Asks: 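One structure, pasted below without further comment.
All values derive from a computational prediction rather than experimental measurement.
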Amino acid sequence: MAENVALSVAPLGPTESDPERCEGEEEVRRNEAGENKQTGPVAGATQNRLAKLPLSRIKALMKADPDVSLASQESVFIIAKATELFVEMIAKDALVYAQHGKRKTLQRKDLDNAIEAIDEFAFLEGTLDV
């Protein structure tokens with residue numbers, strides 16, 4: 001089910017200005033050394049930690065569709081990650097409109113503006129209307 005993928009990393013030393021890169025390189029080194037080999041339920045627990053949304057609720061929503069009878073753990077995880085990325089993307093786009101209004105808090109009008117201005121969100125037009 002889970003495969004280890006070997007990645008080669010250029011021998012650059014970690015820098016203080018890029019801590020995320022340092023952490024990523026350490027993880028790659030641990031993976032190459034075989035320290036993070038996980039299978040079975042432990043690997044499933046790792047997927048749960050990678051997803052910020054509750055996978056059980058995502059699965060319940062998926063099963064609410066009459067066309068879906070079974071949903072594998074991998075498909076639930078992928079839907080959760082895609083949803084997280086979508087929410088992040090629309091939130092960042094709406095934040096631009098909030099910043100134009102010199103605010104730090106997103107409001108409904110910011111989401112409306114992002115939906116109207118960005119073609120990728122055209123399918124959402126009218127969904128926030130009450």
Side-chain angles (χ1 to χ4, degrees):
M1 206 185 313
E3 295 180 25
N4 281 341
V5 177
L7 299 174
S8 60
V9 177
L12 295 174
T15 61
E16 290 180 5
S17 64
D18 198 12
E20 289 183 38
R21 182 173 178 191
C22 298
E23 292 171 6
E25 289 176 357
E26 288 175 18
E27 185 177 22
V28 169
R29 280 189 230 114
R30 282 195 304 267
N31 284 340
E32 288 176 350
E35 294 176 16
N36 281 345
K37 290 183 181 176
Q38 297 178 348
T39 58
V42 177
T46 302
Q47 275 189 343
N48 283 336
R49 282 184 267 146
L50 293 174
K52 295 177 180 125
L53 296 173
L55 298 181
S56 59
R57 293 207 181 184
I58 299 288
K59 188 170 189 170
L61 286 170
M62 289 172 67
K63 285 190 167 188
D65 185 344
D67 294 334
V68 177
S69 59
L70 294 174
S72 69
Q73 184 177 6
E74 292 84 9
S75 66
V76 173
F77 177 75
I78 294 297
I79 294 292
K81 290 305 287 184
T83 303
E84 289 172 22
L85 292 173
F86 173 76
V87 169
E88 180 181 345
M89 187 169 110
I90 195 168
K92 284 181 178 180
D93 291 336
L95 179 62
V96 171
Y97 292 99
Q99 289 173 339
H100 282 247
K102 301 195 188 308
R103 291 177 281 109
K104 293 182 181 179
T105 304
L106 290 181
Q107 295 177 354
R108 180 180 168 161
K109 63 183 176 183
D110 301 321
L111 288 169
D112 285 335
N113 289 336
I115 289 170
E116 288 177 17
I118 299 169
D119 292 336
E120 293 173 342
F121 301 137
F123 72 97
L124 292 172
E125 288 181 7
T127 57
L128 294 180
D129 298 336
V130 180

Asks: Is the number of heavy atoms from other residues, nucleotides or ligands under 6.0 Å of L85 CG greater than 12?
Replies: yes

Asks: Is there a side-chain contact between I115 and I90 (heavy atoms, below 4.5 Å)?
Replies: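 When only atoms from C-beta onward are counted, I90 and I115 do touch, with a gap below 4.5 Å.
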
Asks: Would you say V87 ends up clustered with L106 if hydrophobic residues are merged whenever their side chains have heavy atoms under 4.5 Å apart, either directly or through other cluster members?
Replies: no

Asks: Enter the distance from E84:CD to I79:CD1 here, rounded to the nearest 0.5 Å.
Replies: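 Rounded to the nearest 0.5 Å, the CD-CD1 separation comes to 12.0 Å.
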
Asks: Which pair of non-hydrogen atoms, one from L111 and one from A94, has the smallest distance, and what is that distance?
Replies: CD2-CB, 3.8 Å

Asks: Are I118 and L124 joined in one hydrophobic group, where the rule is that I, L, V, M, F, W and Y side chains link up if heavy atoms are under 4.5 Å apart?
Replies: yes

Asks: Evaluate the ring planes of F121 and F86, with Trp represented by its six-membered ring, and classify them as parallel (under 30°), tilted (30 to 60°) or perpendicular (over 60°).
Replies: perpendicular

Asks: Are any of the side-chain heavy atoms of K59 and L55 separated by less than 4.5 Å?
Replies: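 Contact flag for K59/L55 side chains = no.
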
Asks: Could you work out, with side chain to side chain donor-acceptor pair (under 3.5 Å) as the rule, every residue matching K104, not counting sequence neighbours?
Replies: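 Scan of K104 (side chain to side chain donor-acceptor pair (under 3.5 Å), adjacent residues dropped) gives none.
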
Asks: So which heavy atom on A51 is nearest to which on K81, and how close?
Replies: CA-CD, 4.4 Å

Asks: What residues form a side-chain contact (heavy atoms from CB on, under 4.5 Å) with R103, not counting sequence neighbours?
Replies: A98, Q107, K109, D110

Asks: From Q73 CD over to I78 CD1, what is the distance, rounded to the nearest 0.5 angstrom?
Replies: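 Output value for this atom pair is 11.5 Å.
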
Asks: Spell out, yes or no, whether I58 and V68 are grouped together once hydrophobic residues are joined by side-chain heavy atoms under 4.5 Å, including indirect joins.
Replies: no

Asks: Of all heavy-atom pairs between Y97 and A117, which one has the smallest distance, and what is that distance?
Replies: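 For Y97 versus A117, the nearest heavy atoms are OH-CB, 2.9 Å.
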
Asks: Testing the basics here: between M62 and S75, what is the closest heavy-atom pair and its distance to 0.1 Å?
Replies: CE-OG, 4.0 Å

Asks: Run the salt bridge (charged side-chain N to carboxylate O under 4.0 Å, His left out) test against E120 and tell me which residues pass, sequence neighbours left out.
Replies: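 If we apply the salt bridge (charged side-chain N to carboxylate O under 4.0 Å, His left out) test to E120, skipping adjacent residues, there are no hits.
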
